[in-house]
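For reference, positions follow the sequence shown, starting with 1.
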Amino acid sequence: MELMDPTNGDEKKKRFQEAFERGRDGHVGSYNVWLENHGFDPSRVDRDKVTEFFRENPTKSVNQDDVTDIAEYAGFVTTRQDLHHIPVIGPSGIGKTQLLHTVIGLLSEVDDDIDTKLLEANRLGKKTEDGFLLDEYSRQIAELTTPIVCIDDCGLDKRIRTSLRELRDAVDAGLFVTTWTPERWGVNQDQVRDVFSPAKEVHLRSFTQSETKGTLRVIYDYISQDNFALPSKTEERIHELSDGIPRLIHLLALESLREAYHKELVPGHISATDAAADRLNLSNASARVQDLSEARLTVLKQILQLPDERGVQPGTLVDELHRDKSTISYHLRELNEIGFVERDRKGRRAFYRVTETIEPLVQRRISQEAEYNA
């Protein structure tokens, strides 16, 4: 085969001309241009933008039954001047934060005189010039009339018992809605019940196939300029791969488009969804989590139970699980190789965290086993 002479000016000019004509016809190696050519708004094909859209449009959320449960208590405390607490429990990505935004958004539409406050639990222990943010939030809440206080991801607050007591003592009447992952609720529930006994527990479930399809249609209506609709088989495949977990539904919806672009497929092609699932480590993920040995599940559970945003060091797992270092290192290495944990090195220290897409599936198994043992 004759190779092109890189110094051949005519050949360079020819290739440049061909590339120029492709660009003139709208064919370029740009994902954003590809999206536009297929009727999508590139500025909206973004995970954060989709999340923001759902939070700003609470009526688009499909978890209406759980919202109704909380609405009843919100209405009750505003008329009876009682103080109640509802913990909302579910795996990461199941929609707990969305639920809080939906509650606050709908309350403002029902009655704009209702005082609401949304707090992130991991900020409660942050130091300020005058003490802690917890003290500042307590003062703010004390000035409200029968507030509806939503506290997100309470398992990340290492002093959650103290935080809940101080916030509870700041008001005479109101509703507190707190969110928890199953394993952190398991660790903290006795302390929480001693300080602020729940009136009701809300356990979020995965979406049904119908709810997954509804969510996908909302997403594609938002990002599409031409009201693009996924083929039914692709909707069903996304539900199967995501197990009805909203975070995974969102990821698969967006990443399937990127895979369609890379593989030169039409948007919505089921092969693009399968490719996205492979890249996100979601192919057959639920079954692989169910097949985990008890030893490896215990390691994952311990990582999830420790509230450290950086992850967990192997030495911490050795101390917490009372296992030798070589055993812990072996399990971490194997879990890393199958994509269940990620390692982040900071200097000489290594931190491990459960992979984002696998995390809710592990948490669901933990929750299922806790229910079975109970």
Which class fits the ring pair W34 and Y31: parallel under 30°, tilted 30 to 60°, perpendicular over 60°?
-> parallel
Does a side-chain N-to-carboxylate-O contact under 4.0 Å join E136 and R123?
-> no
Could you list all the side-chain hydrogen bond (donor to acceptor under 3.5 Å, both in side chains) pairs where at least one residue sits in residues 112-121, not counting sequence neighbours?
-> K117-Q140
Okay, side chain of T355, backbone of G339: is any donor-acceptor separation there less than 3.5 Å?
-> yes
Going by distance alone, is a donor N or O of one side chain under 3.5 Å from an acceptor N or O of the other, for Q98 and T102?
-> yes
Thinking salt bridges, do D41 and R44 make one under a 4.0 Å N-O criterion?
-> yes
Closest heavy-atom contact between S92 and Q363?
-> N-OE1, 2.6 Å
Mind checking what makes salt bridge (charged side-chain N to carboxylate O under 4.0 Å, His left out) contact with E236, not counting sequence neighbours?
-> K213
Is a side-chain N or O of K200 found less than 3.5 angstrom from the main chain of P87, in a donor-acceptor match?
-> no
Name each donor-acceptor pair under 3.5 Å that joins a side chain in residues 294-301 to protein atoms two or more places apart or in another chain, with its distance.
| from | atom 1 | to | atom 2 | distance (Å) |
| --- | --- | --- | --- | --- |
| E294 | OE2 | R365 | NH2 | 3.2 |
| R296 | NH2 | Y330 | OH | 3.4 |
| T298 | OG1 | E294 | O | 2.7 |

Under 3.5 Å, side chain of D157 to main-chain N/O of N122, donor-acceptor pair present?
-> no
Looking at CG of L175 and OH of Y73, how far apart are the two atoms once the value is rounded to the nearest 0.5 Å?
-> 9.5 Å
At their closest point, which heavy atom of T179 faces which heavy atom of D153, and how far apart are they?
-> OG1-N, 2.6 Å
F351 side, atom CZ; I303 side, atom CD1 - distance, nearest 0.5 Å | 12.5 Å
Would you find more than 12 non-hydrogen atoms of other residues, nucleotides or ligands less than 6.0 Å from E109 atom CD?
-> yes
Without swapping roles, check the side chain of N284 against the backbone of A287 for a donor-acceptor pair under 3.5 Å.
-> no
With a distance cut-off below 6.0 Å to the six-membered ring centre and an angular limit of 45° from the axis, does R159 pair with F132 as a cation-pi contact?
-> yes
Can you pull the ring pair (Phe, Tyr, Trp, His ring centres under 6.0 Å) pairs that have at least one residue in residues 139-176, sequence neighbours excluded?
-> F176-F196
Co-membership, hydrophobic cluster, residues L83 and I86, 4.5 Å side-chain | no
Any donor-acceptor pair under 3.5 Å from T146 side chain to G174 backbone = no
Does anything in residues 224-251 pair up under ring pair (Phe, Tyr, Trp, His ring centres under 6.0 Å), and if so which pairs, sequence neighbours excluded?
-> F40-F228, F54-H250, Y220-F228
Over all heavy atoms of both residues, which pair between H38 and P267 is shortest? Give the atoms and the distance, please.
-> CD2-CD, 3.4 Å
Which heavy atom in G244 sits nearest to a heavy atom in T212, and how many Å separate them?
-> CA-OG1, 3.9 Å
For the residue pair A74 and V77, what are the closest heavy atoms and their distance?
-> O-CG2, 3.3 Å
Pairs touching residues 314-323 that satisfy salt bridge (Lys or Arg N to Asp or Glu O under 4.0 Å), sequence neighbours left out | none
Just by modelled atom types, is the E211 backbone N or O under 3.5 Å from a matching donor or acceptor in the T215 side chain?
-> yes
Residues D66, R205: salt bridge by 4.0 Å N-O rule | no
For residues 184-192, tabulate all N or O donor-acceptor pairs below 3.5 Å that involve a side-chain atom, not counting sequence neighbours.
| from | atom 1 | to | atom 2 | distance (Å) |
| --- | --- | --- | --- | --- |
| R184 | NE | L304 | O | 2.8 |
| R184 | NH2 | L304 | O | 3.0 |
| R184 | NH2 | L306 | O | 3.0 |
| W185 | NE1 | Q189 | OE1 | 3.4 |
| N188 | ND2 | R184 | O | 2.8 |
| Q189 | OE1 | R193 | NH1 | 2.7 |
| Q189 | OE1 | R193 | NH2 | 3.1 |

Nearest-0.5 Å distance, NE2 of residue H84 to CD of residue E72 | 12.0 Å
Report all side-chain donor-acceptor pairs from residues 251-260 shorter than 3.5 Å, counting only partners two or more places apart or in another chain.
| from | atom 1 | to | atom 2 | distance (Å) |
| --- | --- | --- | --- | --- |
| E255 | OE1 | R279 | NH1 | 3.3 |
| E255 | OE1 | R279 | NH2 | 2.4 |
| S256 | OG | L252 | O | 2.5 |
| S256 | OG | T273 | OG1 | 3.1 |
| E259 | OE2 | R279 | NE | 2.6 |
| E259 | OE2 | R279 | NH2 | 3.3 |

The complete set of salt bridge (Lys or Arg N to Asp or Glu O under 4.0 Å) pairs with one or both residues in residues 344-363, sequence neighbours excluded, reads R47-E356, R247-E356, R247-E359, D344-K346
For P360 and I245, which heavy atoms make the closest approach, and how far apart are they?
-> CB-CD1, 3.7 Å
Is there a donor-acceptor pair closer than 3.5 Å between any side-chain N or O of T78 and the backbone N or O of G75?
-> yes
Shared ILVMFWY cluster between Y352 and L292, side chains joined below 4.5 angstrom?
-> yes
D135: partners by salt bridge (charged side-chain N to carboxylate O under 4.0 Å, His left out), with sequence neighbours left out = none
What pairs meet the ring pair (Phe, Tyr, Trp, His ring centres under 6.0 Å) rule with one or both residues in residues 89-121, with sequence neighbours excluded?
-> none
Determine yes or no for a side-chain-to-main-chain donor-acceptor pair under 3.5 angstrom, with S61 supplying the side chain and P58 the backbone.
-> no
Any pair counted as salt bridge (Lys or Arg N to Asp or Glu O under 4.0 Å), so long as it reaches residues 163-180, sequence neighbours left out | none
So CD of E56 and NZ of K49: to nearest 0.5 Å the spacing works out to 10.5 Å
N57 side chain to T59 backbone, donor-acceptor under 3.5 Å = no
